[in-house]
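Here the structure is laid out as structure tokens; the discussion comes afterwards.
Any value given below was found using the heavy atoms of this structure, including those in side chains, with hydrogens, waters and symmetry copies removed. No experiment lies behind these values; they were computed from the predicted model shown. As the structure lists them, so they are numbered: ligands from 1, and atoms in each ligand from 1.
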Amino acid sequence: MQKISNGIWKLSFGEPEFHTPVSLSGLTIKKKELDALECAGTPPINSDRIVAALTSRGVRIELPLKQEEHVYGFGLQLHRVDHTGRKKVIRVNSDPIADTGDSHAPVPFYVSTAGYGIYVDTSRYATFYCGTNLKKGESEHKRDVAKEVGTSEIELYGYQVTEGDRTVVIDIPAVSGIELYLLEGPDMGTAVQRYNLFSGGGCLPPAWGLGIWYRAYSAATRDDVMRLAHTFREQKMPVDVFGFEPGWQTRAYSCSFVWDDKRFPQHQEMLEQLYGMNYHVNLWEHLFVHPSSPIYENLKSLSGNYEVWEGLVPDLALPEARQVFAEHHTREFIDQGIAGFKLDECDSSDFVHSNWSFPDVTEFPSGLDGEQMHNSIGTLYQTTLKEAFEGAGRRTLSQVRASGALTSSYPFVLYSDLYDHKVFIRGVVNSGFSGLLWSPEVRQAESGEDLIRRIQTTVFSPMALLNCWRIPNPPWMQTDREKNIRGEFSDDHEAVLSICRSLFETRMTLIPYLYTAYARYAMEGRPPFRALVMDYPTDPNTYDIEDAYMMGESLLVAPIITGSSERDVYLPQGMWRCFWTGEQYEGGRSYHFVPGLERIPVFVKDGTLLPLAEPLPYVADDVVFQVSLRPYGEDARVCRLYEDDGHSFSYQEGNWNWVDLSLQEGGVLTAQRTGGYEGIRYEFTGISKID
Ligand code: GAL
């Protein structure tokens, strides 16, 4: 067992593979920040309690799991939160219809309520049996227990998951060695922080990335785009990011990475107009390269030996391939002001009717095979564009459909529009265990009510995104797709629009708070969105909660799904206050809420001095937020905000501040800045009381 860093231990067995997430990512471990975390300084599991063996399939690992332990993680799991007693296969799949472990972003990492984490460094389709089996002989003590045979289904087939200490068995195929990392707590949240700091810390998005995102109709032309862009500003609908869907390119499946000048004549002029209106522009694409693309020839020898959608699958594990891809993107798009990309379809699917994937036996010039590439391609794709934006000196926040291990520092948010609202929320809860961000995007809605419910979730999420690629008009005008396409607007569209606007404004109000939560993610590895169990691991009532989550340090968000106007919310130990009314609730129990259509239950920890910005229509580069402070509870006295220029990397040279606010007796507010940033991003307007 080798100590890697404060609280991180590595166990090596046999001859590990050359290509693994650690070797591919060129890890920059945040050692100093890890040193600042409390820990016992001993491996959380003794090496003599860990079994590692070569098998005919690869390597088998066994780790102990105590009866009372519950395990979480494995990336963006959309079917359940608590994986105890389950089998999970770490395999990228765009359409994970069953609870198998398959995911857009599976990660071979789990954390336990006992306060430690286990990371297995592999890109293989590893299988984790999380206490599904007892070892031979472990039930022998039951030999003499006289028991009448129960005949109900639960008695016959009921699973013994809760009985006694168990084992986590990990099957890593096709390898002859492995490196296993053990991450200390002392608690689950700290183990997750350690994983994120090991991965290079969390990402710090540009401030504009925390505003509202709107992706326009796939078939939109230049005129359509400009009409929408003007309408948002005229109607005072806050929108920061304008997304172009497949129609902007000359070829989309596979991609040419070239503007279609018929649909978008003089596209640069259009872009300049959009920038002039303070929009940031994001372009949809995927990485399969069409024969007509200007980068095709250069990438041909740097690609796998099978095509997808008649295009090349570039081997982005090769620096030369990344360079060809990145140079084109930098020259044609990033240098032309494009602020980010939507990296679609990189979770390529083997299992749907229109197979769009490469076989697991594909050979890539770097030496990766198809299996490893499936589990790495989303990350490599992100690496390519992350490096391109770093080269240009501008931060991005972008979207991606596949990710994996060690990606917390990547400024990409996962998405997929396949799911129902409940699953979207579970994704927010789960992604925080594994250094991922997930957007519960709003695509289609069944009704005005459904639209509002979905927007309520998205404005309290990592990325507030409306993905309107299937409708030409904003969904608040009409949710019925056919009618929307025909331009027939619903009778109540003004009422729906006004509720949507006020929800967007709530999001804009929370940007300084959220930006600070992201700064803690970057610096301390603390996920900005977390399951309740991560903050309250000793409270078994939180173990199964998959419909509520923490946002930043002080907010608990409990969305409402269409069709129900009420719900129960479990508030953990401590005092809480309603975000909207300030009403006080004692934690440690559930409450029933009927908040009406315009709100969802959101709670603030008692004692929070919450920063609320005057809502802006967009976050300009030179923005100065007008911030008031709202005390939730009598003891709400201090608030800390992160401040920097919001868009460049100069914060990495120390150009950032902590702004410490303090509410003195008599209601006087003082602000003190410490740090190297000389600008001002916040002006404080005083105390705001709830009406
Ligand atoms: C899907 C993606 C959608 C949309 C569409 C365009 O794969 O999830 O959000 O971009 O492609 O073809």
Heavy-atom distances under 4.0 Å decide this one: backbone, side chain, both or neither, for [X] against ligand 1?
X	result
R215	neither
L418	neither
Y253	side chain

The protein heavy atom nearest to atom 3 (C) of ligand 1 is D417 OD2, 3.3 Å
Is there a nitrogen or oxygen of [X] sitting under 3.5 Å from a nitrogen or oxygen of ligand 1?
X	result
E245	yes
E441	no
D344	yes
R401	yes

For M373 and L380 the tightest heavy-atom approach is SD-CD1, 3.9 Å
Subset of ligand 1 atoms that lie under 4.0 Å from at least one heavy atom of [X]:
X	answer
K342	3 (C), 4 (C), 9 (O), 10 (O)
E345	1 (C), 7 (O), 11 (O)
N467	9 (O)

Do [X] and [Y] have side chains that approach each other closer than 4.5 Å (heavy atoms only, starting at C-beta)?
X	Y	value
D240	M508	yes
H280	L397	no
S199	T407	no

Check the orientation of H374 and F358. Use parallel for under 30°, tilted for 30 to 60°, and perpendicular for over 60°. parallel
Might you work through the side-chain hydrogen bond (donor to acceptor under 3.5 Å, both in side chains) test for R233 and N278, ending with a clear yes or no? CA-CA 10 Å; R233 295 294 182 246; N278 286 290; over 6 Å; no
Just to verify, which of F341, Y279, W259, F333 counts as forming a ring-ring contact (aromatic ring centres under 6.0 Å, His included) with F244? W259
Residue selection (non-hydrogen contact nearest atom 6 (C) of ligand 1) among P246, G243, S94: P246
Could you tell me whether D260 and R251 have a side-chain N and a carboxylate O separated by less than 4.0 Å? no
Any non-hydrogen atom of R443 lying under 4.0 Å from ligand 1? no
For W208 and F242, I'd like to know if the aromatic rings sit close, meaning centre-to-centre distance below 6.0 Å. no
